[in-house]
Amino acid sequence: VCAFLRAWSPEKAKERAAEIDHMIGSFGVFRLAGEQQFIHDDPAVVTWWLLQQQADRETLRGLCLVTGTEQPLARLHEPKIKGVRDAQSAGALLVSFNSDAYTSYGKEQSYNAPVGEASVFKYANALNYLLSREDRRTFLGDATVVTWADRPSETESLLSSFIASHLFAAEDAPAEDKTRVQQVRNFVQQLREGYATHDAIDPEDHTPFYILGLSPNASRISVRFWIPSTIGEMKERLSQHLRNVELVGASLENPLTIRSIVLANGRAEKDPKGNVNSYDADSISPHLSGAISRSILTGADYPHMLLGTLLNRIKADGAINYPRVAVVKAILIRNYNQEIPVALNTERKDPAYVTGRLFALLEKIQTDSADGNLNSTIKD
């Protein structure tokens, strides 16, 4: 590189104008002929550059918790992280210490959690990039969630779009957006029917896949949940969840996403006819939102408080709809090992089931006779 720069003559650039015209106004990097990596990615060059930076100023050196190597340590974790909902608009810090009570052995500020300057620069910029992309970011309760895989792939993009609830497109949306939405819906349908998870072994399925949930905490950001997995594992977990919540008559155009399950735990807001227009997101416990997301994405049992929360909501606002009923069904299947069909079982004759059907029918007749305007029913 040095030899090239010494021999480079800007005056001769016109002779090769056609070759360098597309580079005008851009950055350029160097690579030796016959090699794949760039010069600036060479470990020896990276190490030398870090040493030069340290020599230019007084920087504390130590063991980086991320790389395990000795590096100049970051005093502050910057740039600040932007894009976390309800965090400070100017950005917030994932790591910071601003009080003597949090120092340890005299290590102040971020030296208390030593991370190399290079690692801080990489993770902060990478996280800001993910948070700036709508296809990699979604909101679940008070958590801002980002997803990514170790390498780009079509399945990575489809998984991220489903988790981000990108299953709908506006009527005036570009054609490519509508096409993308249809691809995601087809993928969800495959997951629900199970055959997307039983294909021949696909090397892509072993690709690491990561999910990070972040929540605001004053001037800082807290990690609500962190789920390392693989593309194959995530396909299997979402497939099982979609089969658990399946009900006959549910619209294939409106699959039950993680976000819609979280929202169903809020207070139902109805129109004059009693139809549910939306849910009050502020009435949802942040802890419950995180627990729901974690259980679906890890394949663990649904939160034990979820069943009680849904039943209390149904009792309070009277909204019995697909999301709430489907989740109750899923809880009974996964948490209590019950065999719950996707539709009414007219052949089942045990007293509890039959009298439950009869009671629901009588209450429905009573409610409909007054157009739903009743303060109490036979249930009360």
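Atoms considered below: every heavy atom in the structure, side chains included; atoms not considered: hydrogens, waters and symmetry mates.
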task: Could you pull out the closest heavy-atom pair between Phe121 and Asn125, with the gap in Å?
output: O-ND2, 2.8 Å
- prompt: Considering all heavy atoms of both residues, which atom of Tyr111 and which atom of Leu73 are nearest to each other, and what is their separation?
  reply: CE2-O, 3.8 Å
message: Return the CG to CD distance between Asn337 and Glu339, rounded to the nearest 0.5 Å.
response: 9.5 Å
- prompt: Which residues pass the ring pair (Phe, Tyr, Trp, His ring centres under 6.0 Å) test with Tyr123, sequence neighbours left out?
  reply: His77
field: Side-chain donor or acceptor of Asp380 paired with backbone N/O of Thr377 under 3.5 Å
entry: yes
message: I need the minimum non-hydrogen distance between Val120 and Ala74, along with the two atoms involved.
response: CG2-CB, 3.7 Å
message: Working to the nearest 0.5 angstrom, can you tell me the gap between Asp135 CG and Leu130 CG?
response: 9.5 Å
message: Check for me, please, whether Met305 and Ile314 land in the same ILVMFWY cluster - side-chain distances under 4.5 Å, paths through other members count.
response: yes
field: Residue Lys329 excluded, over 12 heavy atoms near NZ under 6.0 Å
entry: yes
Over 12 foreign heavy atoms within 6.0 Å of NZ, Lys122: no
field: All salt bridge (Lys or Arg N to Asp or Glu O under 4.0 Å) counterparts of Asp42, not counting sequence neighbours
entry: none
field: Side chains of Asn265 and Tyr279 in contact at under 4.5 Å (non-hydrogen atoms)
entry: no
task: Say whether, by atom type as modelled, one donor and one acceptor occur between the side chain of Arg324 and the main chain of Ala264 under 3.5 angstrom.
output: yes
message: Quick check: do Thr155 and Lys235 have side-chain heavy atoms less than 4.5 Å from each other?
response: yes
query: Is there side-chain contact between Leu131 and Ile81, with at least one heavy-atom pair below 4.5 Å?
result: yes
Can you list, pair by pair, the side-chain donor-acceptor contacts under 3.5 Å of residues 88-97, counting residues two or more places apart and other chains?
{"residue": "Ser96", "atom": "OG", "partner": "Arg220", "partner atom": "NE", "Å": "2.9"}

From CZ (Phe225) to CD1 (Ile211), nearest 0.5 Å: 7.5 Å
task: Identify whether Val248 and Tyr353 are in the same connected component of the hydrophobic contact network (ILVMFWY, side-chain heavy atoms under 4.5 Å).
output: no
- prompt: Taking the side chain as C-beta and beyond, is there a heavy-atom pair between Leu127 and Leu214 under 4.5 Å?
  reply: yes
- request: With sequence neighbours left out, write down each residue that passes ring pair (Phe, Tyr, Trp, His ring centres under 6.0 Å) with Tyr210, or none if nothing qualifies.
  value: Trp148, Trp226
message: Checking Asn312 now: which residues fulfil side-chain hydrogen bond (donor to acceptor under 3.5 Å, both in side chains) with it, not counting sequence neighbours?
response: none
- line: Between Leu306 and Tyr302 the two heavy atoms that sit nearest each other are CD2-CB, 4.2 Å
query: Do Phe139 and Ile258 share a hydrophobic cluster (ILVMFWY, side-chain heavy atoms under 4.5 Å, transitive)?
result: no
query: Hey, what do you get for CD (Gln366) to CG (Leu361), rounding to the nearest 0.5 Å?
result: 12.0 Å
message: My understanding is that only residues two or more places apart in sequence, or in another chain, count here; which of them pass ring pair (Phe, Tyr, Trp, His ring centres under 6.0 Å) with His287?
response: none
- prompt: Quick one: are Pro114 and Lys107 in side-chain contact, heavy atoms under 4.5 Å?
  reply: no
task: Indicate, with yes or no, if Ile261 and Val342 share a hydrophobic cluster defined by side-chain heavy-atom contacts under 4.5 Å among Ile, Leu, Val, Met, Phe, Trp and Tyr.
output: no
message: Main chain of Arg136, side chain of Ser160: is a donor-acceptor contact present, judged purely on distance under 3.5 Å?
response: no
- request: Take atom CD of Gln36 as the centre, draw a 6.0 Å sphere, and report whether it contains more than 12 heavy atoms from other residues, nucleotides or ligands.
  value: no
- request: Evaluate the side-chain contact (heavy atoms from CB on, under 4.5 Å) criterion for residues Arg151 and Glu156: first the C-alpha distance (whole Å), next the side-chain angles of each, then the deciding distance (0.1 Å), finally the verdict.
  value: CA-CA 8 Å; Arg151 62 176 183 269; Glu156 174 215 13; over 6 Å; no
- prompt: Stepwise, does the salt bridge (Lys or Arg N to Asp or Glu O under 4.0 Å) test hold for Asp317 with Arg267?
  reply: CA-CA 7 Å; Asp317 57 36; Arg267 184 172 56 254; over 6 Å; no
query: Rounded to the nearest 0.5 Å, how far apart are CG of Leu63 and CD of Gln71?
result: 9.0 Å
- prompt: If you round to the nearest 0.5 Å, how far is NE2 of His206 from CD1 of Ile231?
  reply: 11.0 Å
task: Would you check, one step at a time, whether the test salt bridge (Lys or Arg N to Asp or Glu O under 4.0 Å) holds for Glu35 with Arg31?
output: CA-CA 7 Å; Glu35 293 192 3; Arg31 183 173 64 191; over 6 Å; no
message: Per the salt bridge (Lys or Arg N to Asp or Glu O under 4.0 Å) rule, what does the pair list look like for residues 63-84, sequence neighbours excluded?
response: Arg61-Glu70
field: Partners meeting side chain to side chain contact (heavy atoms under 4.5 Å, CB included) with Ser132 (sequence neighbours left out)
entry: Tyr129
Only distances under 3.5 Å count here; give the side-chain donor-acceptor pairs of residues 289-300 to other protein atoms, sequence neighbours excluded, each with its distance to 0.1 Å.
{"residue": "Ser289", "atom": "OG", "partner": "Ser285", "partner atom": "O", "Å": "3.3"}
{"residue": "Ser293", "atom": "OG", "partner": "Ser289", "partner atom": "O", "Å": "2.9"}
{"residue": "Arg294", "atom": "NH2", "partner": "Arg224", "partner atom": "O", "Å": "3.0"}
{"residue": "Ser295", "atom": "OG", "partner": "Ala291", "partner atom": "O", "Å": "3.4"}
{"residue": "Ser295", "atom": "OG", "partner": "Ile292", "partner atom": "O", "Å": "2.8"}
{"residue": "Thr298", "atom": "OG1", "partner": "Arg294", "partner atom": "O", "Å": "2.6"}
{"residue": "Thr298", "atom": "OG1", "partner": "Ala300", "partner atom": "N", "Å": "3.4"}

query: Going by the salt bridge (Lys or Arg N to Asp or Glu O under 4.0 Å) test, which pairs reach into residues 359-376, not counting sequence neighbours?
result: Lys364-Asp368
task: If you link ILVMFWY side chains whenever their heavy atoms are less than 4.5 Å apart, which other residues fall into the same cluster as Leu32? By chain and number, please.
output: Val1, Phe4, Leu5, Trp8, Phe30, Ile39, Val45
task: Could you tell me whether the side chain of Asp41 reaches within less than 4.5 Å of the side chain of Val46, counting heavy atoms only?
output: no
- prompt: Is there a donor in the side chain of Arg243 and an acceptor in the side chain of Gln240, or the other way round, less than 3.5 Å apart?
  reply: yes
- request: Measure across Ala330 and Val245 and return the closest heavy-atom pair with its distance rounded to 0.1 Å.
  value: CB-CG1, 3.7 Å
field: Residue pair Pro303 / Leu288, side-chain heavy-atom distance below 4.5 Å
entry: yes
message: As a quick check of understanding, evaluate side-chain contact (heavy atoms from CB on, under 4.5 Å) for Val325 and Leu247, giving each step before the final call.
response: CA-CA 9 Å; Val325 174; Leu247 287 177; 3.9 Å; yes
- prompt: Under a single-linkage definition using a 4.5 Å side-chain heavy-atom cutoff for Ile, Leu, Val, Met, Phe, Trp and Tyr, are Val354 and Phe359 assigned to the same hydrophobic cluster?
  reply: no
statement: Correct closest heavy-atom pair for Val84 and Ser215 would be CG1-C, 4.3 Å
- request: Would you please name every residue forming a side-chain hydrogen bond (donor to acceptor under 3.5 Å, both in side chains) with Thr309, sequence neighbours left out?
  value: none
- prompt: Taking side chain as C-beta onward, heavy atoms only, is Asp205 less than 4.5 Å from Thr230?
  reply: no
